[in-house]
Amino acid sequence: MKIVTWNINGVRARIGNLTHWLTESAPDIVCLQEIKTLDDQFPRAEIEALGYNVETHGQKGFNGVAILSKLRFDEVTRGLPGDDSDEQARFIEGVFSTDKGALRIASLYLPNGNPIDDDKKFPYKLSWMERLERWAQERLRLEEALVLAGDYNVIPEPIDARFPENWLGDALFQPQTRQAFRRLLNLGFTEAVRAVTDKPDTYTFWDYQAGAWQKNNGIRIDHLLLSPEAANRFSAASIEKHVRAWEKPSDHVPVAIDLALQPA
DNA sequence: ATGTCAACTATGAGTTGA
């Protein structure tokens, strides 16, 4: 089963791009971030026409996440628990039935957190990461195949940036950010891409500005975290980098994994 | 060179967020 995460950076601006990619890549389940639309304006008909079920958690103008799936959703939950005052749409969870039992997948869009001296933005990022850790700890107790996929806005290690020194003052590469990400991993997750390669120049995002793509000035911030039960079925990971060279691209590219699971 | 882009407000051009 092929599972992919992709920050689409505006699903309405990118619908042609998305349907072309769905046809080419043929994923079973897709976690989208930054759909930048209300649920009732999501272009679901074009996606359903390709055989996908669609569940969204959108908001006006920015943020927003979705899950597209060839498998029927058994359950859907919107929003990350832990702060009832948080109105930003950054988290959706779906549960599916497979031949090996339940498969639980979350599509998450972790706060950017810049600038770090703002009195709200970086603290919001860190508190969101604490909420995510608590949620993950609880879900791991279920001992299910669990995939936590999305735009983490975290550069885990210096090797995950072409020019790590450029990111020292950035929320994506702060010691507190990296430490929170390691805490999450250390609950027992396998980070899929780094489990299969230690190569440098393994990036998932290239800024639109300053010719970052042409210069390969990239960072790796889109990740898939696997519970032990998912990691035991994990066979491959790939970054679909060619999509960044398409017309009107997102600044992120799809990151895919294969799990040895079949729809029930 | 903060060099780009999407969506908002508002109906041409500025703001926000990334």
Side-chain angles (χ1 to χ4, degrees), chain A residues 5-21 31-44 46-47 56-66 80 85-92 107-129 132 149-156 160-174 176-178 180-181 203-223 241 243-255:
Chain A
T5 182
W6 190 13
N7 180 322
I8 190 81
N9 188 18
V11 70
R12 286 179 292 161
R14 214 83 61 206
I15 184 60
N17 223 319
L18 176 58
T19 53
H20 183 251
W21 172 77
C31 297
L32 295 177
Q33 300 86 38
E34 280 204 271
I35 61 173
K36 294 186 174 179
T37 183
L38 289 162
D39 293 331
D40 60 11
Q41 290 169 22
F42 190 94
R44 64 168 51 236
E46 294 92 322
I47 296 166
T56 64
H57 182 38
Q59 72 179 89
K60 196 176 192 173
F62 61 110
N63 300 330
V65 288
L80 181 65
S85 70
D86 184 358
E87 294 179 343
Q88 300 193 28
R90 298 179 172 276
F91 192 88
I92 186 170
S107 176
L108 67 96
Y109 178 44
L110 208 145
N112 176 295
N114 281 304
I116 56 174
D117 56 1
D118 184 274
D119 62 352
K120 294 199 182 72
K121 299 208 168 183
F122 193 52
Y124 175 59
K125 178 178 193 140
L126 294 177
S127 69
W128 206 95
M129 293 184 85
L132 180 62
D151 177 357
Y152 281 74
N153 272 312
V154 175
I155 301 167
D160 298 310
R162 178 72 190 281
F163 299 110
E165 64 277 15
N166 291 355
W167 298 92
L168 291 173
D170 196 286
L172 280 60
F173 196 51
Q174 289 306 294
Q176 290 157 286
T177 304
R178 296 173 56 201
F181 186 71
Y203 308 130
T204 65
F205 168 93
W206 295 260
D207 202 284
Y208 290 121
Q209 298 190 66
W213 168 246
Q214 289 76 11
K215 296 177 194 165
N216 193 29
N217 178 8
I219 52 177
R220 195 175 71 90
I221 57 175
D222 300 274
H223 309 298
K241 185 178 175 178
V243 173
R244 186 64 178 78
W246 288 0
E247 286 293 310
K248 239 183 131 192
S250 169
D251 40 8
H252 298 249
V253 296
V255 183

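Residue numbers start from 1 in every chain, and the chains themselves are labelled A, B, ... in the order their sequence lines are given, proteins ahead of strands.
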**Q.** Under 3.5 Å side-chain donor-acceptor pair for A/Tyr124 and A/Asn112
**A.**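 Looking only at side-chain atoms, A/Asn112 and A/Tyr124 do not form any donor-acceptor pair under 3.5 Å.
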
Q: By nearest nucleotide on DNA chain B, pick out whichever of A/Gly61 and A/Arg90 is the more 5' one.
A: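 So the residue in question is A/Gly61.
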
Q | Nearest-nucleotide comparison on DNA chain B, the residue closer to the 5′ end among A/Glu34 and A/Thr37 | A |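 Looking at DNA chain B, the more 5' nearest nucleotide goes with A/Thr37.
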
Specify the separation, in whole Å, of atom [atom1] of [X] and atom [atom2] of [N].
X	N	atom1	atom2	value
A/Asn9	B/dA6	CG	C1'	6 Å
A/Gln59	B/dT16	CD	P	17 Å
A/His252	B/dA18	NE2	P	11 Å
A/Lys120	B/dT16	NZ	C1'	15 Å
A/Ile15	B/dA7	CD1	P	12 Å
A/Asp207	B/dG3	CG	P	12 Å
A/Phe205	B/dA18	CZ	C1'	7 Å
A/Asp170	B/dA18	CG	C1'	11 Å

**Q.** Out of B/dC8, B/dG3, B/dC5, whichever nucleotide has its closest atom nearest the side chain of A/Tyr208
**A.**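 Closest of the options to the side chain of A/Tyr208: B/dC5.
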
Q: Give a yes or no on whether the ring-centroid distance for A/Trp21 and A/Trp6 is below 6.0 angstrom.
A: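 So the answer is yes for these two rings.
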
Q) Are A/Trp206 and A/His252 near enough that their ring centres are under 6.0 Å apart? A)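 Centroid distance A/Trp206-A/His252: not below 6.0 Å, so no.
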
Can you check whether [X] has a side-chain N or O nearer than 4.0 Å to OP1 or OP2 of [N]?
X	N	answer
A/Arg12	B/dC5	no
A/Lys36	B/dC8	no
A/Arg14	B/dA7	no

Q | Separation of A/Phe173 CZ from A/Glu165 CD (nearest 0.5 Å) | A |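 If we round to the nearest 0.5 Å, A/Glu165:CD and A/Phe173:CZ are 9.5 Å apart.
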
If we take the [atom1] atom in both [N] and [M], what is their distance in whole Å?
N	M	atom1	answer
B/dG3	B/dG14	P	15 Å
B/dT15	B/dA10	P	13 Å
B/dT2	B/dG17	C1'	14 Å

Hey, does [X] reach any base, or is it just sugar-phosphate, or nothing, if we go heavy atoms under 4.0 Å?
X	result
A/Tyr109	sugar-phosphate
A/Lys215	base
A/Ala13	sugar-phosphate

Q. Parallel, tilted or perpendicular for A/Phe181 and A/His223, by the 30°/60° rule?
A.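 Aromatic pair A/Phe181/A/His223 classed tilted.
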
